[in-house]
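Below, chain A is the first sequence line, B the second, and so on; all start at residue 1. Since the model is a prediction, treat every value here as computed from it, not as a measurement.
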Amino acid sequence: MFQALINVLVKCKSFSELKQIHALVITFGLRHESPISSKLLSLAALSGAGNIDYGYRLFSTLPAPRVFDWNTVIRGYSISKNPNKSFSVFIKMLRAGVFPDYLTYPFLAKASARLLKPELGGLIHGHALKNGFQLDKFINNSLIHMYASCHDIVYASRVFDEMPMKNIVSWNAMLDGYAKCGDMASARQVFDLMPQRDVVSWSCLIDGYVKNGDHKEALAIFEEMLVLGPKANEVTMVSVLCACAHLGALDQGRSMHCYVMDNGLPMTLVLRTSLVDMYAKCGAIEEALYVFRGVSNGKTDVLLWNAMIGGLAIHGLVNESLELFTEMQIAGIVPDEITYLCLLSACAHGGLVKEAWYFFECLGKHGMTPKSEHYACMVDVLARAGQK
DNA sequence: GCATTTCCGG
């Protein structure tokens with residue numbers, strides 16, 4: 001009976017299915033059977049079928065949650081909109097007398113990193129040390145990443161240096177840390193020094209060069225990777241496509257696209273967005289549209305639509321851009337402030353003063369505050385229309 | 001049984 005239910009749970013794909021199973025569990029009085037409720041909780045809190053608030057409500061009904069359950073909720077919040085809640089759950093956990101384990105801390109480190117609060121991460125660090133986890137590789141690696149993400153590279157390297165046994169993840173965390181802090185010389189040094197390199201190491205280095213504006217070097221490293229390194233993955237390709245977009249290197253961009261297809265890399269939404277953006281920036285609107293339309297009924301999000309709407313706008317295809325916006329709303333995608341920025345830029349190109357004002361007002365009506373970029377665009381619209 | 005690292009649009 002248990003196993004049958006767990007098998008059903010694993011296959012659960014949507015929120016409504018999840019709720020049905022939840023109802024079933026309650027009806028059969030299995031709510032307090034820990035293997036079932038734990039599995040249900042992790043599905044609710046972590047998978048695409050649920051959401052963390054639902055997960056937390058479910059968690060609250062458990063008579064005696066175990067470390068596993070606490071970790072699930074802390075982890076769920078660490079990747080949610082509000083990572084602060086990971087800490088409130090952690091405090092409740094301590095008050096309930098449940099001892100944190102080697103997975104509790106990495107989730108809390110992640111929450112600190114996402115909040116950009118190294119002070120908070122430092123407290124977690126101290127807590128882990130006090131509880132005898134000073135040699136734990138998993139915890140230390142997540143702490144390195146936490147400090148580095150918070151631009152506290154001195155602390156990150158202190159943790160790194162004090163680790164008696166480092167693995168490739170430790171090295172990658174340092175490499176990425178330096179890159180994120182804009183210190184590509186040190187990042188490169190770490191890369192050259194590390195005992196072995198995997199696809200993440202190469203991707204970190206390449207993306208570091210991209211983020212620091214050295215697109216040529218990023219592509220040069222990628223070429224080197226093709227010869228000496230591991231196979232690139234879809235994450236690597238996102239960075240190199242960004243480099244091609246910045247350089248307007250259409251031919252190279254096309255060959256990146258070929259690499260993706262030839263190697264059967266998963267066409268994730270992120271990758272599709274990068275391809276659309278690259279083609280659009282390189283002036284290949286037809287190809288951008290081709291990738292954008294891609295699989296019919298495929299998943300889309302606001303970032304993908306923004307890339308296409310913005311791509312049309314910068315090439316002066318004003319009507320096409322505005323029509324795509326209409327289509328996007330019909331598709332049920334909610335625009336964000338970048339969408340409006342793209343639309344305002346389309347209006348600037350087309351001299352559409354009235355439409356620009358309309359979009360500018362929409363911004364406020366949908367609870368967004370115009371930022372300096374929006375004002376700049378409006379000034380541009382009015383200046384081009386010859387108004388003062 | 002949960003695990004840390006790389007990626008998208010202005």
Asker: Check side chain to side chain donor-acceptor pair (under 3.5 Å) between A:N233 and all other residues, then give those that pass, not counting sequence neighbours.
Answerer: A:T236

Asker: Specify whether A:F359 and A:Y340 have parallel, tilted or perpendicular ring planes, treating 30° as the upper limit for parallel and 60° as the lower limit for perpendicular.
Answerer: tilted

Asker: Quick check on contacts: within residues 245-253 of chain A, what sits under 4.0 Å from DNA chain B by heavy-atom distance?
Answerer: none

Asker: Among residues 145-156 of chain A, which contact DNA chain B at a heavy-atom distance under 4.0 Å?
Answerer: A:H145

Asker: Just N and O in the side chain of A:K180: are any of them under 4.0 Å from OP1 or OP2 of B:dC7?
Answerer: yes

Asker: According to side-chain hydrogen bond (donor to acceptor under 3.5 Å, both in side chains), does anything in residues 321-330 of chain A pair up with another residue at least two apart or in another chain? List the pairs.
Answerer: A:R293-A:E327

Asker: Does A:I144 reach the side chain of A:M146, with side-chain heavy atoms less than 4.5 Å apart?
Answerer: no

Asker: Quick check on contacts: within residues 89-108 of chain A, what sits under 4.0 Å from DNA chain B by heavy-atom distance?
Answerer: A:D101, A:L103, A:F107

Asker: For the side chain to side chain donor-acceptor pair (under 3.5 Å) test, which of A:H257, A:R254, A:E286 pairs with A:Y279?
Answerer: A:H257

Asker: Can you list, by residue number, the residues of residues 323-343 of chain A that have a non-hydrogen atom closer than 4.0 angstrom to DNA chain B?
Answerer: A:D336, A:I338, A:L341

Asker: For A:D101 and A:T104, test the side chains for any donor-to-acceptor distance below 3.5 angstrom and give the result as yes or no.
Answerer: yes

Asker: List the residues meeting side chain to side chain donor-acceptor pair (under 3.5 Å) with A:N131, not counting sequence neighbours, and say none if there are none.
Answerer: A:Y105, A:H127

Asker: Take the protein atom CE of A:M194 and the nucleotide atom P of B:dT5, then report the distance between them rounded to whole Å.
Answerer: 15 Å

Asker: How would you list, by chain and number, every residue that makes a side chain to side chain donor-acceptor pair (under 3.5 Å) with A:Y56, sequence neighbours excluded?
Answerer: A:K92

Asker: Using the side chain to side chain donor-acceptor pair (under 3.5 Å) criterion, which residues pair with A:Y155? Sequence neighbours excluded.
Answerer: none

Asker: Among pairs that include at least one residue of residues 161-178 of chain A, which meet side-chain hydrogen bond (donor to acceptor under 3.5 Å, both in side chains), considering only residues two or more places apart or in two chains?
Answerer: A:N141-A:N167, A:N141-A:S170, A:N167-A:S170, A:N172-A:D198, A:N172-A:S201, A:D176-A:K180

Asker: Any side-chain N or O of A:K281 below 4.0 angstrom from OP1/OP2 of B:dG10?
Answerer: yes

Asker: Determine the contact category for A:N71: base if any of its heavy atoms lies under 4.0 Å from a base atom, sugar-phosphate if only primed atoms, P, OP1 or OP2 are that close, otherwise nothing.
Answerer: base

Asker: What nucleotide among B:dG1, B:dC8, B:dT6 has an atom nearest to a side-chain atom of A:R66?
Answerer: B:dG1

Asker: Less than 3.5 Å between a donor and an acceptor, one on the side chain of A:S142 and one on the base of B:dT4, is that the case here?
Answerer: no

Asker: Does A:D136 reach the main-chain N or O of A:F133 with its side chain, forming a donor-acceptor pair under 3.5 Å?
Answerer: no

Asker: Would you compute the distance between atom CE of A:M368 and atom CG of A:L363 and round it to the nearest 0.5 angstrom?
Answerer: 5.5 Å

Asker: Taking the side chain as C-beta and beyond, is there a heavy-atom pair between A:L265 and A:M237 under 4.5 Å?
Answerer: yes

Asker: Any donor-acceptor pair, under 3.5 Å, between the side chain of A:T273 and the base of B:dC8, if you only look at N and O atoms?
Answerer: yes

Asker: Tell me what A:S42 touches on the nucleic acid: a base, only sugar-phosphate, or nothing, going by heavy atoms under 4.0 Å.
Answerer: nothing

Asker: What contact category does A:D198 fall into here, base, sugar-phosphate, or nothing, at under 4.0 angstrom with non-hydrogen atoms?
Answerer: nothing

Asker: Considering only heavy atoms, which members of residues 110-129 of chain A lie under 4.0 Å from some atom of DNA chain B?
Answerer: A:K110

Asker: Enumerate the side-chain hydrogen bond (donor to acceptor under 3.5 Å, both in side chains) contacts for residues 116-126 of chain A, please, sequence neighbours excluded, ordered by first and then second residue.
Answerer: A:H125-A:Y147

